[in-house]
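Have a look at the structure below before the remarks.
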Amino acid sequence: MKQKLRLIQRRTVHYLLVVTYWISKFFPVQTKKVVFATYRSDKLVDNFRAVYDELESRELGFQYVFLLKRFPQNLMGQIKYVFHMMRATYELATARYFIIDDYYYPVYVSTLRKGTEVIQLWHACGAFKKFGYSVLDKSYSPDDDYLKMVAIHRNYSKVYVSGEACIAPFAEAFGMDSTRIHPFGVPRTDQLLNRERQVQIEHKLYDQYPEWRSKKLILLAPTFRGNGQTTAHYDQELDFRQFREQLGPDHILLLRMHPFVLNRPVVPAEFSNQIIDMTDYPDINDLMQVADILVTDYSSVIFEFALLKKPIIFLVNDLNSYKEERDFYFPYESFVPGPIVSSFNDVISWIKANQFEPEQIEEFAGRFFTYQDGQATKRIVSHILTGALPDAPMRPEELKTV
């Protein structure tokens with residue numbers, strides 16, 4: 001009965017959006033309208049902020065619509081969200097460019113009108129965990145009833161990824177022709193490669209946390225477990241006492257949980273000067289720029305951090321079950337550019353040993369970023385607007401001489 005009710009709800013929402021799109025066709029496509037739409041954040045951040053700033057700097061006279069609204073967990077919030085999606089469907093039907101950074105339901109309900117382009121700026125760098133059509137045989141996949149009703153990931157006019165190695169995985173995940181997937185970079189990574197900005201961020205954070213200047217900063221940034229926002233959790237045991245006793249006062253652990261995770265680790269007051277929860281800090285790029293070592297698991301944050309050429313430790317104790325549930329585009333054990341450990345105490349041992357292989361990180365970054373020049377946003381915006389292809393990328397050894 002519950003499953004039948006859920007199916008009725010889905011179909012009701014779906015047909016509401018189909019009808020909304022059909023009615024919206026009576027209104028003209030507005031050739032100067034650019035829409036940014038996401039369910040991931042209530043703010044204009046990351047790729048969206050970079051692209052918006054670049055568009056504005058070109059003074060092209062665009063009018064902008066921002067559909068920035070997290071998907072709510074409560075029933076009343078979800079009912080209100082249906083009306084939000086109806087508005088998004090109208091904006092899609094009348095937009096010149098409709099820019100998204102993740103799955104976005106209104107995009108998939110109808111064939112696009114001539115003159116409208118959907119631009120997919122996928123939120124994650126690289127190609128790591130499987131998603132979309134790549135997980136149809138996994139528990140993570142949408143169910144059959146949903147897939148019969150909705151052709152997920154349809155209607156993308158252009159998709160931008162970090163490098164050529166990502167084209168085949170994204171083509172599979174989106175069920176689309178690889179010729180519309182462009183390895184021009186990820187806009188938000190331009191910040192990481194901007195030395196002037198890095199100095200500014202260091203000053204900002206060190207002014208706020210002056211004790212960080214002389215410490216070694218370890219950034220723990222894992223992904224979540226579960227099938228989405230409603231089931232997201234993190235189960236790894238973190239021994240804060242061992243961290244302090246083994247590494248001493250010269251090391252600080254910055255916790256950056258995935259925003260979906262509801263059961264954040266609780267830091268006892270006695271460790272609060274050395275274990276700091278930075279989950280609510282607005283920009284993980286800032287934290288990556290000051291961190292000396294990243295500790296993660298299956299998070300795509302490894303791609304951005306690899307651009308900084310700093311060590312990464314992979315803390316996983318559920319690799320076999322994660323493969324069964326989600327799986328990866330490349331064999332995990334040979335893919336990740338750093339040691340794989342199963343306990344937090346092993347992480348501490350690696351930090352103490354400090355025996356990392358920098359060339360492993362450089363090779364990884366070179367594999368998944370066709371460009372490492374800090375110009376991804378300009379390249380992407382130019383291609384969106386004109387279809388202009390960028391010049392051939394410079395080799396890493398050439399970049400060092402620029």
Side-chain angles (χ1 to χ4, degrees), residues 40 102 122-131 134-135 138-140 162 166 169 217-229 231-240 242-243 251 253-267 275-279 281 284-285 287-288 291-308 310-351 353 356-357 360-361 364-365 367-368:
R40 298 179 60 82
D102 204 330
W122 193 250
H123 59 280
C125 284
F128 196 0
K129 304 181 291 287
K130 288 188 175 182
F131 66 102
S134 299
V135 293
K138 304 291 183 181
S139 62
Y140 196 81
S162 62
C166 306
L217 303 178
I218 315 302
L219 175 61
L220 176 66
T223 190
F224 66 91
R225 305 301 188 274
N227 291 333
Q229 292 189 49
T231 59
H233 60 280
Y234 181 66
D235 296 331
Q236 181 71 52
E237 185 175 337
L238 305 175
D239 193 332
F240 298 143
Q242 279 292 94
F243 182 87
H251 289 73
L253 181 65
L254 307 178
L255 302 179
R256 176 72 179 204
M257 295 294 107
H258 192 283
F260 289 177
V261 170
L262 300 176
N263 64 326
R264 296 185 193 177
V266 177
V267 180
I275 317 294
I276 304 172
D277 188 350
M278 300 296 290
T279 301
Y281 185 82
I284 192 174
N285 276 0
L287 303 179
M288 288 194 287
D292 296 289
I293 297 174
L294 171 68
V295 180
T296 187
D297 45 17
Y298 314 119
S299 172
S300 62
V301 73
I302 63 172
F303 297 99
E304 291 101 312
F305 203 76
L307 283 174
L308 301 173
K310 294 189 285 191
I312 307 173
I313 302 173
F314 294 85
L315 173 59
V316 297
N317 62 1
D318 58 350
L319 182 56
N320 289 333
S321 60
Y322 201 87
K323 285 181 182 177
E324 182 67 26
E325 178 183 317
R326 185 75 180 268
D327 210 357
F328 309 95
Y329 286 109
F330 305 94
Y332 186 87
E333 293 86 346
S334 59
F335 166 77
V336 298
I340 301 172
V341 301
S342 59
S343 73
F344 192 61
N345 284 342
D346 291 335
V347 170
I348 295 170
S349 297
W350 269 96
I351 294 172
F356 300 100
E357 300 177 12
Q360 192 178 14
I361 297 287
F364 181 84
R367 181 182 180 188
F368 287 97

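Counting from 1, the numbers follow the sequence of the chain as shown.
- By the 4.5 Å heavy-atom criterion applied to side chains, Leu255 and Leu220 are counted as neighbours.
- For the salt bridge (charged side-chain N to carboxylate O under 4.0 Å, His left out) test, no residue two or more places apart in sequence or in another chain qualifies with Asp292.
- Side-chain contact between Met288 and Leu294 is absent, with no heavy-atom pair separated by less than 4.5 Å.
- Judged by distance alone, with hydrogens and angles left aside, the side-chain atoms of Lys310 form a donor-acceptor pair with the main-chain N or O of Ala291 at under 3.5 Å.
- Annotation: ring-ring contact (aromatic ring centres under 6.0 Å, His included) contacts of Phe240 (sequence neighbours excluded): none.
- In this view, Tyr281 satisfies the ring-ring contact (aromatic ring centres under 6.0 Å, His included) rule with no residue, not counting sequence neighbours.
- Summarising the geometry of Pro222 relative to Ser299, their closest heavy-atom pair is C-CB, 4.3 Å, with the distance given to 0.1 Å.
- Taking the six-membered ring for Trp and the full ring otherwise, Phe335 and Phe128 have centroids separated by under 6.0 Å.
- Aromatic rings of Tyr298 and Phe314 (six-membered ring for Trp) have centroids beyond the 6.0 Å cut-off, not under it.
- Listed by chain and residue number, Ile293, Phe356 satisfy the side-chain contact (heavy atoms from CB on, under 4.5 Å) test with Pro311 (two or more places apart in sequence, or in another chain).
- The aromatic rings of Tyr322 and Phe328 lie parallel to each other, with less than 30° between the two planes, well short of the 60° mark.
- Between Phe364 and Phe303, the ring-plane angle classifies as parallel under the 30° and 60° cut-offs.
- Side chains of Asp277 and Thr279: a donor-acceptor N/O pair is present below 3.5 angstrom, by distance only.
- Here the CE-CG distance, from Met278 to Leu254, works out to 6.5 Å after rounding to the nearest 0.5 Å.
- Annotation for Glu333: atom CD counts as buried by contact number, over 12 foreign heavy atoms lying within 6.0 Å.
- Separating the SG atom in Cys166 from the CH2 atom in Trp122 is a distance of 13.0 Å, to the nearest 0.5 Å.
- For residues 337-347, no pair satisfies salt bridge (charged side-chain N to carboxylate O under 4.0 Å, His left out), with sequence neighbours left out.
- No side-chain donor-acceptor contact under 3.5 Å links Asn317 to the backbone of Ser343.
- Between the side chain of Ser162 and the backbone N or O of Cys125, no donor-acceptor pair lies under 3.5 Å.
- Evaluation of the salt bridge (charged side-chain N to carboxylate O under 4.0 Å, His left out) rule for Asp239 yields no partner, not counting sequence neighbours.
- For the pair Phe368 and Gly126, the tightest heavy-atom approach, listed with the atom from each and the gap, is CD2-CA, 4.4 Å.
- Counting heavy atoms from C-beta outward, Thr223 and Lys129 have side chains that approach closer than 4.5 Å.
- Crowding of Glu324 atom CD: a count of heavy atoms from other residues, nucleotides or ligands under 6.0 Å not exceeding 12.
- In this structure, Asn345 CG and Leu315 CG are separated by 10.5 Å, a value rounded to the nearest 0.5 Å.
- Using a 4.5 Å heavy-atom threshold, the side chains of Phe305 and Ile361 count as separate.
- At a threshold of 4.5 Å between non-hydrogen side-chain atoms, the residues Thr296 and Ile302 count as touching.
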